[in-house]
Novice: 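Below is one structure. I have some questions about it.
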Amino acid sequence: GLEVAVFAQKAQVLAGAGNVLLFEPAMNPDSLRRLTDLVMSACGGRAAVFAGSDEAGYKYAVSEQGGDLRQLVRELNTALQGRGGGKPFFAQGSVQAGRAEIEVFFAGR
């Protein structure tokens, strides 16, 4: 459908970009996972997608092929008042932090 086409286009733009941090409008957890996986496959690094707004908070998904995100996700949840988790290579959750704080967290990583 349209969503898949839009997501594929977003991912294509990020081909070979390495680690990527994206901010998107709010979407359901399934869509968020799908977008994160597409971006991760394209960028060749770690994909972190935050969907939402500073007012409403953000849902996140992080994906890294063959990665181990457990330590990162623990630090993310601590630093950004988040909760969530998942598998070593994929995690999903939510944070109470704003975009600026999220960008600062990822800047050093």
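Not measured: the values here are computed from a predicted model. In this chain, numbering begins with 1 at the start of the sequence shown.
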Novice: Any chance you could lay out the side-chain contact (heavy atoms from CB on, under 4.5 Å) test for Glu101 and Leu80, step after step, and finish with the verdict?
Specialist: CA-CA 7 Å; Glu101 291 168 88; Leu80 303 175; 4.0 Å; yes
Novice: Mind listing the closest non-hydrogen atom pair of Phe89 and Gly66 along with its distance?
Specialist: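 Closest approach of Phe89 to Gly66: CB-N, 4.4 Å.
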Novice: Would one find more than 12 heavy atoms of other residues, nucleotides or ligands at under 6.0 Å from atom CD of Glu75?
Specialist: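 Yes.
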Novice: So, for Val39 and Ala47, which heavy atoms are closest and what is the spacing to 0.1 Å?
Specialist: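 Shortest heavy-atom contact: CG1-CB, 3.8 Å.
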Novice: Are more than 12 heavy atoms, taken from residues, nucleotides or ligands other than Glu3, located less than 6.0 Å from that residue's CD atom?
Specialist: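 Count over threshold, so yes.
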Novice: Please answer whether the main-chain N or O of Leu32 pairs with a side-chain N or O of Asp30 as donor and acceptor at a distance below 3.5 Å.
Specialist: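 No, the answer is negative, given that no donor and acceptor are paired below the 3.5 Å cut-off.
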Novice: Kindly indicate, with the supporting measurements, whether the criterion side-chain contact (heavy atoms from CB on, under 4.5 Å) is fulfilled by Tyr58 and Ile102.
Specialist: CA-CA 10 Å; Tyr58 292 91; Ile102 295 166; 3.7 Å; yes
Novice: When you measure from the side chain of Gln81 to the backbone N and O of Ala97, does any donor-acceptor pair fall under 3.5 Å?
Specialist: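 Such a contact is absent between Gln81 side chain and Ala97 backbone.
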Novice: Between Val73 and Gly85, which heavy-atom pair has the shortest distance, and what is it?
Specialist: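 In terms of heavy atoms, the two residues are closest at CG1-CA, 4.2 Å.
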Novice: Could you tell me whether Gln71 atom CD has more than 12 heavy atoms of other residues or ligands within 6.0 Å of it?
Specialist: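 For Gln71, atom CD is crowded (more than 12 foreign heavy atoms under 6.0 Å).
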Novice: Walk me through whether Leu14 and Leu22 qualify under side-chain contact (heavy atoms from CB on, under 4.5 Å).
Specialist: CA-CA 10 Å; Leu14 296 163; Leu22 278 187; 4.0 Å; yes
Novice: Between Arg34 and Asp37, does at least one N-O distance fall below 4.0 Å, as a salt bridge requires?
Specialist: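 Looking at Asp37 together with Arg34, the answer is no, because their closest N to O distance does not fall below 4.0 Å.
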Novice: Report yes or no: does Thr78 contribute a side-chain atom to a donor-acceptor pair with the main-chain N or O of Arg74 at less than 3.5 Å?
Specialist: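 It does hold such a pair.
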Novice: Pro25 and Ala51: which non-hydrogen atoms are nearest, and at how many Å?
Specialist: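 Result for this residue pair: O-CB, 3.5 Å.
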Novice: Verify, without hydrogens or angle tests, whether Arg46 (side chain) and Leu21 (backbone) share a donor-acceptor contact under 3.5 angstrom.
Specialist: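 No: the side chain of Arg46 does not pair with the backbone of Leu21.
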Novice: Parallel, tilted or perpendicular: which one describes the rings of Phe50 and Tyr60, with boundaries at 30° and 60°?
Specialist: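 Plane angle between 30° and 60°, so tilted.
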Novice: For the residue pair Thr36 and Ser63, what are the closest heavy atoms and their distance?
Specialist: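 For Thr36 versus Ser63, the nearest heavy atoms are CG2-CB, 3.6 Å.
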Novice: Yes or no on side-chain contact (heavy atoms from CB on, under 4.5 Å) for Leu35 and Glu24, after CA distance, side-chain angles and deciding distance?
Specialist: CA-CA 10 Å; Leu35 174 60; Glu24 294 290 331; 3.8 Å; yes
Novice: With rounding to the nearest 0.5 Å, note down the distance linking CZ in Arg83 to CG in Leu76.
Specialist: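 So the gap between those two atoms works out to 13.5 Å.
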